[in-house]
**Q** 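Quick one: the structure is below, questions incoming.
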Amino acid sequence: MNAQIDHALEEIRRFRPSPEFAAQAVADHGLYDAARADRLAFWADQARTLLHWEKPFTRTLDWSNPPFAKWFDDGELNVAVNCLDRHVEAGLGDRVALHWEGEPGDSRDITYAELTEEVKRAANALADLGVRSGDRVAIYLPMIPEAIVSMLAVARLGAIHSVVFGGFSADSLASRIDDAEASVVITADGGYRKGRVFPLKPVVDEALGKTAGSVRHVLVVKRGENEVEWDDARDLWWHETVATASPEHEAQAFEAEHPLFILYTSGTTGKPKGILHTSGGYLTQAAFTHRNVFDLHPERDVYWCTADVGWITGHSYVVYGPLANGATQVIYEGTPDTPHPGRWWEIVEKYGVTILYTAPTAIRSFMKLGRQIPHEFDLRTLRLLGSVGEPINPEAWIWYRHVIGGGSIPVVDTWWQTETGAIMISALPGVTDLKPGSAQVPVPGISIDILDDDGVEVEGEGGGLLVVTEPWPSMLRGIWGDPERFKETYWEKFGDKYFAGDGARRDEDGDIWLLGRVDDVMNVSGHRLSTAEIESSLVAHPWTAEAAVVGASDETTGQAVVAFVILKSSQAAHVTDPAEASEELRRHVATQIGAIARPRQVFIVNELPKTRSGKIMRRLLRDLAEGREVGDTTTLADTSIMQIISAQVR
Ligand code: 6R9
């Protein structure tokens, strides 16, 4: 049976790099050779080549006290100087760092010289507010330039930022402020989303009413022009404080292991984990992967990563990687469909974007709308596409390459996590043959294994648990304030190997396929089935726009496959009977994968429950599938969605 499943999943499409692309590619096979010959020397070399060290390091890795790694630990650097001042000193001050596009259509181009000056002012303003090295600053902002300025100003001072996504509630913000004992919050009056101003300062006010009282000051950017309440003793306007601060700021160098930021992410328990990253190793791997995975030619590329800085992708691939590399990039404040569904493609055309990095969920929602929308815009500047956040099913990969990329440009699927800090598994464009649906190979210098529950390497093509076997430069250094939880969550299972929590398998070429979180792997009649695999099969059906699969407990088979499917609107005319559609889709999965994978039920719905970062909340669908009361929906982008879905399912 497993062989049957594997056969159905075998992805036969392969794409060789074009000779033209390969000839100009940043990456080459030599990177793999160098990393294989001497992994630590390879990373030391990257750290020296890509970064400016105020005090050069002599030690590469100290792993004498696992799982607490130290990289480059006798070296000193300033992260903000690496992202700003050194480019200006190298004569690149006039290069645009940010093409910022506001949702209502306002825009700003900011050069490296201007960004450097603004960060220096902000650093002086924060220092005046008492922010010192090691202090925590919470940042709760929309996608405006001040978000990036704030992060870099905090980093410049050796303080630690904790960016909280602007869509999080007052309660979530309060618990993050308390956990990190932040002394300053940087926010805005409001920001734009779907054509309206959403309030931020009022949420901060509410959150501060619930915190233990560590916050002394709130610095407020004027963006939404919405009414806000004011506490004269505590609140300051950015335009009065930062704009009037001195543009001269002498940056101090900090040790490579000096903390850079905390970013909260959800774990298996209710309490979010404050993932801690430090300076030298993090910046090395962010810069290395940004350069080589995205084939960055900073002198000519226009790069756009659509992530919000509230997520790790925004930290590593909007702020630190691109700016360390001196890239020119686009940042966009709003939603993809405001004021019209072609907004993203309009932005690509307007700025001549060459590299686009986004998530499969976005790609699939564009697929749902149809190719005529992107076709209205000139997307011919694009030369590389990236994907992150969840497995990208081969159909979405192909659509992305053809409809957005014009048919022949590389698509890289990048696997990594908040905890890993930077990309860990990806093809290198111009080097690797591309295989849709697979994240493919560890990046040079990264060691990955697939193990069974007992820590034994899985032979052949069976699935297992994804493990990082050697420490890597941008690895998390801990969970803020909770070293025990850090050890338990990631290191208890396999000793000094990092347990990622994802299932994976390797095909006969050695390419890695991610199978979803291990808690999303189902066991049906003793057979291991992945939600991602069945979703991929469902989405391959011409009627399907989106699909989510859960394993629901079943008396006979242990678990049963239950699917929730959104049909393409273009099919609405043909598919009038939901019962018939669901029968057809069950049959389709059985033919594609095998009878074992045939869903017990396929529910046709209009929406799927997603978090604000676009991840499907399968836990809620499992509640529905198992006939339970639906659990906590507070992290949904739209909390009313579960009621609508429940009504459709009943
Ligand atoms: C960067 C980011 C991490 C989890 C990770 C995995 C899933 C991310 C993926 C992917 C398959 C990819 N994931 N990228 N699964 N293919 N290319 O998303 O970080 O928010 O911490 O999520 O996302 O399950 O464990 P984070």
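Whatever order the structure lists them in is the order used to number ligands and atoms, beginning at 1.
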**Q** Give me the nearest non-hydrogen protein atom to atom 24 (O) of ligand 1 as residue plus atom name, then the distance to 0.1 Å.
**A** D502 OD2, 2.8 Å
**Q** Under the side chain to side chain donor-acceptor pair (under 3.5 Å) test against R14, which residue among D433, D511, D509 passes?
**A** D509
**Q** Is there a side-chain contact between V550 and T531 (heavy atoms, below 4.5 Å)?
**A** no
**Q** Would E395 and R13 pass as an ion pair if we require N to O under 4.0 Å?
**A** yes
**Q** Take the angle between the ring planes of F486 and W491 and call it parallel below 30°, perpendicular above 60°, tilted in between.
**A** perpendicular
**Q** Test your reading of the structure: does T414 have an N or O sitting under 3.5 Å from an N or O of ligand 1?
**A** yes
**Q** Is P391 touching ligand 1 with its side chain, its backbone, both, or neither, if touching means heavy atoms under 4.0 Å apart?
**A** both
**Q** Just say parallel, tilted or perpendicular for the rings of H315 and F261, cut-offs at 30° and 60°.
**A** tilted
**Q** Does any part of the side chain of L624, heavy atoms only, come nearer than 4.5 Å to the side chain of I645, both counted from C-beta?
**A** yes
**Q** Test of understanding: given a 4.0 Å heavy-atom threshold, classify the contact between I425 and ligand 1 as side chain, backbone, both, or neither.
**A** neither
**Q** In terms of relative ring orientation, are F366 and W344 parallel, tilted or perpendicular, with 30° and 60° separating the classes?
**A** tilted
**Q** So if I count the atoms of ligand 1 from 1 in the order they appear, which ones are less than 4.0 Å from some heavy atom of I312?
**A** 1 (C), 19 (O)
**Q** Quick check with a 6.0 Å cut-off and a 45 degree axis cone: is R401 positioned over the face of F15's six-membered ring?
**A** yes
**Q** Measure the distance from atom 12 (C) of ligand 1 to every protein heavy atom, then report the residue, atom name and distance (to 0.1 Å) of the closest one.
**A** E390 O, 3.5 Å
**Q** Which of the numbered atoms in ligand 1 are below 4.0 angstrom from a heavy atom of D413?
**A** 12 (C), 17 (N)
**Q** Atoms of ligand 1 less than 4.0 Å from V388 heavy atoms?
**A** 1 (C)
**Q** Test of understanding: given a 4.0 Å heavy-atom threshold, classify the contact between Q417 and ligand 1 as side chain, backbone, both, or neither.
**A** both
**Q** Does ligand 1 come near enough to K615 that some N or O of the ligand is less than 3.5 Å from an N or O of the residue?
**A** yes
**Q** Under 3.5 Å between some N or O of ligand 1 and some N or O of T418?
**A** yes
**Q** Output yes when the distance from some N or O of ligand 1 to some N or O of E419 is under 3.5 Å, and no in every other case.
**A** no
**Q** Closest non-hydrogen protein atom to atom 4 (C) of ligand 1, residue and atom name please, with distance?
**A** W416 O, 4.3 Å
**Q** Under 4.0 Å from a heavy atom of T313: which atoms of ligand 1 are those, numbered in the order shown and with their elements?
**A** 1 (C)
**Q** Do the charged groups of E546 and K610 touch, with an N to O distance under 4.0 Å?
**A** yes
**Q** Going from CZ on R16 to CG on L434, what distance comes out if it is rounded to the nearest 0.5 angstrom?
**A** 11.0 Å
**Q** Distance under 4.0 Å to a non-hydrogen atom of L514: what atoms of ligand 1 satisfy this?
**A** 11 (C)
**Q** When you measure from the heavy atoms of G389 to every atom of ligand 1, does any distance fall below 4.0 Å?
**A** yes
